[in-house]
Amino acid sequence: MPYPAILHCDLNNFYASCECALNPALRDVPLAVCGDPEKRHGIVLAKNALAKQCGVKTAEPIWQAKQKCPDLITVPPQFDLYFEYSRRVQAIYLEYTDLVESFGLDECWLDVTASKLLFGDAVHIANEIRNRVKREVGLTISVGVAHTKTLAKLGSDMKKPDATTVITPENMAETVWRLPASEMLFVGEQTAKRLHKLNIFTLGDLARADEALLSKHFGVMGARLKNAASGNESDRVKSYYEKREIKSVGHGVTLSQDIKTLGEAHLTVQGLSEMIASRLRRYGYLAGGVQVHLRDHSLQCVSKQKQIPPTDTATEIATAAEELFSQLFHAENPIRTLTVNTFALTATDIPRQQSMFDTPQSEKHRRLGSVVDAIRKKHGNESIERGVLLKNSFISDHSSDEDDLLPFKRS
Ligand SMILES: [Mg+2]
């Protein structure tokens, strides 16, 4: 059987490129898309080429970036705009195959194995897509072409911007195997440290490593890591139309001031629960469980969860979350990061059984929640907030997605 032909398409400097595409004058100035400078999240989310030339790095604090680049123009993120650009680019991908699997707003894998007869070989398709995205949308992409998803992703990282990189079984050794193991998807900081202890530093080391040794240290992931590094991975590209199963919905914040009392936590938990409930309603899910995850000053983490009667209302989620928080919280350990997750999701269109919990009160909260959603949809997120939120100066927007619960985070 011939090798699969997989592309990994990565939009370059995505947020900053969208801003420049919308307002071409920004191309000629060093530009950074930044979080709120008042919060701990006042960091660079993305930068354009000129800012990069000044040494501005993603994730560095704004003040530091401005030191390097005094003329730096900063703009707040406009996620609706980025979503729209992402959708337009994906529409081009979909003309070549329905096997388009997105990985965040700016990255997609495409399996074009079956498209070759119609459109030419994988490299030809990669270059054609790259040119069309540039011409039709005004953004540039880097494309990796390979026979596995992991190798294609490594490829798209190797030449930027606006480039195609081809990884083959023949050139794998002199291309990807020289890279540090931490460049590979699924190898986070902790995994990399553990690999170093086993004298595994590069992807070549990982590909050649003893499988039994890896299994001993990493369990089932051991073989998966080795296979991914050696190009023997069978993970397929999912269809664009395959509905992605959402297992949990959560939000977390890193606070601009540590939480030292239960009262301070109350405001934050309310705010997070509002956002979660709004997303649950948008996705059409009820949550049957709530989990609270805390990280304190010394970066120690604790978490606890409980089951609740299925709900999509902020009040019920917040009540459970506050109960869990009070069980986990000790005043001597101020809290730096607070995350609320909901799980055990069921689709809202499954008729709910009436229970003693379905009081008129909870029905009222449900209706109130839907009204809030409708107002926010029409007038924006900022337009309506509960009274309790108006006092809340902590909430900085750091949304955790269901992906955060996967064993490995994307870097
Ligand atoms: Mg990108």
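Along the sequence shown, the residues carry numbers beginning at 1. Remember, it's 1-based here, ligands and their atoms both numbered in the order they're listed.
- Using the six-membered ring where Trp is involved, Tyr82 and Tyr15 have ring planes that are parallel, under 30° apart on the 30 and 60° scheme.
- Among protein atoms, those of element N, O or S found less than 2.8 Å away from the Mg ion (ligand 1) are Asp10 OD1, Leu11 O, Asp106 OD2.
- Classification of Arg132 and Glu95 as a salt-bridged pair holds, one side-chain N sitting under 4.0 Å from a carboxylate O.
- Put simply, the residue from Val89, Val100, Val143 that forms a side chain to side chain contact (heavy atoms under 4.5 Å, CB included) with Cys9 is Val143.
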Take Leu280 and Thr342 through the test side-chain contact (heavy atoms from CB on, under 4.5 Å) and record every step on the way to the result.
CA-CA 9 Å; Leu280 284 170; Thr342 56; 4.0 Å; yes
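- The ring-ring contact (aromatic ring centres under 6.0 Å, His included) test applied to Phe329 returns Phe325, not counting sequence neighbours.
- Taking a cutoff of 4.0 Å between a charged side-chain nitrogen and a carboxylate oxygen, Lys57 and Glu60 do not qualify as a salt bridge.
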